[in-house]
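Worksheet: the structure to be examined is printed underneath.
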Amino acid sequence: MTLQRITGELLAQLDRQAQASPRLRTHHNLHEGPQAAIQRLAVKLRRGTYIRPHRHPQKWELGVVLQGRMDLLLFDDAGTLTERTTMTPMVGVLAVELPARTWHSYVCVSDAATFFEVKEGPYDPATSGEFAPWAPPEGDAQAAAYLDWMGSAPVGARFG
């Protein structure tokens with residue numbers, strides 16, 4: 001294993017990749033591959049990316065904001081927003097650890113934001129996460145409206 005680094009150059013490269021991506025986000029893995037027991041990655045978000053609310057049924061997740069400003073949103077099983085936490089580097093909340101089975105999403109508030117994510121592996125796309133049935137899938141006609149709602153919804157609100 002070689003020394004892994006997150007540098008300003010890497011973050012600039014991720015920003016260019018996220019801008020060019022239809023999903024307006026990208027990531028850079030520091031772990032060896034999907035079989036790694038601990039997954040470690042830098043995630044770059046651009047304003048307008050839609051991260052469908054989801055949860056990890058059996059695994060915790062740790063997020064540390066490196067750049068920009070983003071909101072972490074938590075939901076109950078019915079899709080009611082239960083908590084909004086603004087994350088910015090060096091001010092307020094810098095990191096959060098989400099327990100397993102926590103419905104969550106992130107909204108990029110600044111033009112771009114980067115966070116470092118650590119979660120239990122191995123990664124299996126079929127079992128690693130569960131999407132919220134009350135939130136539209138990526139690419140759905142309602143996804144843009146849902147993202148707009150997530151951007152300003154007060155705690156206690158439900159979409160629709």
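Just one of R52, R55, R101, K59 meets the salt bridge (Lys or Arg N to Asp or Glu O under 4.0 Å) condition when paired with E130; it is R55. Tested against T49 for a side-chain hydrogen bond (donor to acceptor under 3.5 Å, both in side chains), the candidates R25, K44, R23 yield a single pass: R25.
Note on residues 6-16: pairs passing side-chain hydrogen bond (donor to acceptor under 3.5 Å, both in side chains), not counting sequence neighbours, are D15-R46.
Here R47 pairs with D111 under the salt bridge (charged side-chain N to carboxylate O under 4.0 Å, His left out) rule; sequence neighbours left out. Residues satisfying the salt bridge (charged side-chain N to carboxylate O under 4.0 Å, His left out) criterion with K119, sequence neighbours excluded, are E117. With sequence neighbours excluded, the residues forming a side chain to side chain contact (heavy atoms under 4.5 Å, CB included) with P34 are Y123, listed by chain and number.
A pairwise comparison of heavy atoms in A113 and C108 identifies N-SG, 3.7 Å as the closest pair. Residues P57 and A100 share a closest heavy-atom pair of O-CB, 3.8 Å. In plain terms, the two heavy atoms of W60 and I38 that are nearest each other are CZ2-CD1, 4.4 Å. Contact between I6 and F116 at its shortest, heavy atoms only, is CD1-CD1, 3.4 Å. When all heavy atoms of P89 and G68 are compared, the pair lying nearest together is CD-O, 3.1 Å. Across all their heavy atoms, H31 and Q39 have their closest contact at NE2-OE1, 2.9 Å.
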Would H54 and H104 satisfy side chain to side chain contact (heavy atoms under 4.5 Å, CB included), going step by step from the backbone distance to the final call? CA-CA 6 Å; H54 61 284; H104 65 283; 3.1 Å; yes
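When side chains are defined from C-beta on, H28 does not count as touching Q17, because their heavy atoms never get closer than 4.5 Å.
In this structure, the separation between CG on D77 and CH2 on W134 is 8.5 Å, given to the nearest 0.5 Å. The distance from atom CG of L81 to atom CG of D71, rounded to the nearest 0.5 Å, is 9.5 Å. To the nearest 0.5 Å, atom CD of residue E120 and atom NE2 of residue H56 are 10.5 Å apart.
In the hydrophobic clustering, V43 connects to L41, L45, I51, V65, M70, L72, L74, M87, V93, V96, L98, Y106, F115, either directly or through intervening members, whenever side-chain heavy atoms lie under 4.5 Å apart.
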Side-chain donor/acceptor pairs under 3.5 Å, residues 141-160, sequence neighbours excluded:
unit_1: R158; atom_1: NE; unit_2: A78; atom_2: O; d: 3.1
unit_1: R158; atom_1: NH2; unit_2: A78; atom_2: O; d: 3.1

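Taken together through direct or relayed side-chain contacts under 4.5 Å among Ile, Leu, Val, Met, Phe, Trp and Tyr, V118 and L66 form part of one hydrophobic cluster.
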